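Okay, structure first, notes after.
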Amino acid sequence: MTITVPTDALPPVQSDTFPAPSKDSPLWLVLDYDGTLTPIVARPEDAMLDDTMAATLANLSAHEHIRWALLSGRNIAQLQGFMAPHALTPDVLCGLHGGEMQVWQANSKAYTWAEKPSDSYPVLSNAFMAHVTQALGKAYPPEQWLGLGLAIEEKHHCFALHYRQAADDVAQQAEAIFRQHYQESPEIQAQFRLQAGKKVIEIVPTAFNKGAGIEKITSYWQPFVAGNAQPTLLFVGDDKTDDAGFTTVARMGGAGIHVGGQATTGAQYGLADVAAVGKWLHAIIG
């Protein structure tokens with residue numbers, strides 16, 4: 001059953017809430033990145049893991065009964081960039097809100113593609129993205145964007161406006177411009193949806209959502225389940241963009257864990273912040 005409540009009304013997840021990872025009860029852990037493993041920062045490119053969290057994630061990889069994946073709105077290249085300084089190798093990297101996926105091959109010590117979005121999903125036209133960028137530039141000169149707290153991110157299939165540190169009036173006007181151009185483009189609406197998150201608004205293909213991403217990840221893991229083992233599936237996220245993931249894991253018999261105080265749909269448990277996520281992960285590793 002899914003629920004809709006503020007996170008502070010959710011029961012906190014404890015280290016003993018779920019079975020300890022074992023041969024009979026392996027843990028399948030799907031983790032969002034921004035706001036879950038790292039705090040939300042002014043510039044998206046600065047969202048680096050601290051050493052304590054990185055060490056905890058390395059211990060996840062070392063546990064023989066835990067499989068873990070990153071599921072993020074970022075693209076896989078960005079996720080690899082955040083993992084590389086700590087030599088971290090999640091079992092699965094799932095980027096673009098579930099639109100692309102790579103899996104770690106221990107034998108070759110490299111990632112291989114499980115799904116390339118370019119094979120089947122629409123691509124945003126450069127002309128459309130340039131048109132929106134120019135409109136934003138007329139309202140706020142690009143050389144002022146950094147100081148104003150604005151940033152545009154082009155991800156081939158997705159297009160995002162970040163306003164993490166922008167004043168309310170700047171954020172509202174910039175978002176209004178972004179929304180207007182989407183709403184005035186029927187050809188874009190036919191294949192893409194508008195998705196709002198924490199201090200970001202994004203245009204993404206209609207098929208991209210974290211629920212679909214979780215289904216892809218678990219389909220890849222399923223053949224590795226031994227005998228009658230019953231995996232415990234958990235998804236940890238912090239944003240509205242994670243709601244589809246919470247709903248999906250609940251439908252699949254798992255549990256969603258929401259980070260922070262923002263209202264959400266479908267999560268059964270809550271953790272206060274990124275530090276609490278790190279402590280909880282450390283505890284379940286044992």
Side-chain angles (χ1 to χ4, degrees), residues 32-35 38-47 71-79 81-82 94-100 116-210 212-213 237-244 262-264:
D32 176 43
Y33 188 75
D34 295 271
T38 65
I40 299 294
V41 295
R43 300 197 311 164
E45 61 269 29
D46 292 337
L71 174 57
S72 173
R74 293 180 181 271
N75 61 37
I76 284 177
Q78 290 172 315
L79 294 176
F82 289 129
C94 197
L96 300 181
H97 303 286
E100 61 178 4
K116 289 185 177 181
S118 56
D119 292 343
S120 55
Y121 293 118
V123 175
L124 275 164
S125 72
N126 290 330
F128 173 78
M129 291 189 288
H131 186 56
V132 177
T133 301
Q134 289 168 6
L136 287 166
K138 289 180 180 179
Y140 301 103
E143 63 271 18
Q144 298 179 12
W145 285 5
L146 179 61
L148 290 170
L150 299 175
I152 283 287
E153 184 180 16
E154 298 182 9
K155 295 181 284 187
H156 198 52
H157 299 273
C158 305
F159 184 44
L161 167 66
H162 296 271
Y163 44 89
R164 296 184 177 194
Q165 295 296 309
D168 288 347
D169 59 335
V170 174
Q172 290 169 5
Q173 183 175 358
E175 180 178 330
I177 293 170
F178 196 88
R179 284 182 179 275
Q180 178 183 352
H181 281 77
Y182 171 81
Q183 292 163 354
E184 293 178 350
S185 304
E187 70 281 6
I188 299 296
Q189 294 179 51
Q191 294 182 297
F192 297 84
R193 62 187 170 85
L194 201 62
Q195 174 174 271
K198 285 184 177 177
K199 302 293 185 178
V200 62
I201 188 165
E202 190 167 9
I203 298 170
V204 302
T206 53
F208 285 18
N209 69 80
K210 292 190 176 179
D238 73 303
D239 203 351
K240 295 176 182 177
T241 59
D242 299 315
D243 287 351
Q262 183 177 343
T264 186

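Bear in mind the structure is a predicted one, so any value in this text is a computation, not a measurement.
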Kindly compute the distance separating CG (Leu96) from OG (Ser72), expressed to the nearest 0.5 Å.
8.5 Å
Restricting to non-hydrogen atoms, name the atom on His157 and the atom on Pro122 that form the minimum distance, rounded to 0.1 Å.
ND1-O, 2.7 Å
Side-chain contact, heavy-atom cut-off 4.5 Å: Asn126 with Met129?
yes
What distance separates Leu136 CG from Ile177 CD1, expressed to the nearest 0.5 Å?
5.0 Å
List for me each residue that meets side-chain contact (heavy atoms from CB on, under 4.5 Å) alongside Leu194, sequence neighbours excluded, and say none if there are none.
Phe178, Arg179, Tyr182, Ile201, Ile203
Is it true that Asp243 and Lys210 make a salt bridge, defined as a side-chain N closer than 4.0 Å to a carboxylate O?
no
Looking only at heavy atoms, which two atoms of Ala207 and Ala212 are closest? And how far apart?
O-CB, 4.2 Å
For Ala176, all residues meeting side-chain contact (heavy atoms from CB on, under 4.5 Å), sequence neighbours excluded:
none
Rounding to 0.5 Å, atoms CG (Asn209) and CG (Leu71) come to a distance of 9.5 Å
Taking the side chain from His97 and the backbone from Thr241, do they hold a donor-acceptor pair closer than 3.5 Å?
no
Checking the side chain of Asp239 only, and the main-chain atoms of Lys198 only, is there a donor and an acceptor separated by less than 3.5 Å?
yes
Treating Tyr140 as the side-chain partner and Leu150 as the backbone partner, does any N or O pair qualify as donor plus acceptor under 3.5 Å?
no
Just how far is it from atom CD1 of Ile40 to atom CG of Asp46, taken to the nearest 0.5 Å?
12.5 Å
Just verifying a value: how many Å separate Asp34 CG and Thr38 OG1, rounded to the nearest 0.5 Å?
4.5 Å
Among all residues two or more places apart in sequence or in another chain, which pass the salt bridge (charged side-chain N to carboxylate O under 4.0 Å, His left out) test with Glu100?
none
Listing request: all salt bridge (Lys or Arg N to Asp or Glu O under 4.0 Å) pairs with a residue in residues 129-151, at least two apart in sequence or in separate chains.
none
Could you note down all residue pairs passing side chain to side chain donor-acceptor pair (under 3.5 Å) where residues 184-194 supplies at least one of them, sequence neighbours left out?
Gln180-Glu184, Arg193-Gln195
Whether His131 and His181 hold their rings parallel, tilted or perpendicular, with breakpoints at 30° and 60°:
perpendicular
Working to the nearest 0.5 Å, report the span between CD of Gln78 and NZ of Lys155.
6.5 Å
List the atom pairs, with distances to 0.1 Å, where a side-chain N or O of residues 158-165 and a protein N or O form a donor-acceptor pair under 3.5 Å, not counting sequence neighbours.
from, atom 1, to, atom 2, distance (Å)
His162, NE2, Glu153, OE1, 2.7
Tyr163, OH, Glu175, OE1, 2.5
Arg164, NH1, Val41, O, 3.1

So, does Lys199 use its side chain to make a donor-acceptor pair with the main chain of Ala171 at under 3.5 Å?
no
Side-chain touch Val204/Phe192, heavy atoms, less than 4.5 angstrom:
no
Mind checking whether Asn75 and Leu79 have side chains closer than 4.5 Å, heavy atoms only?
no
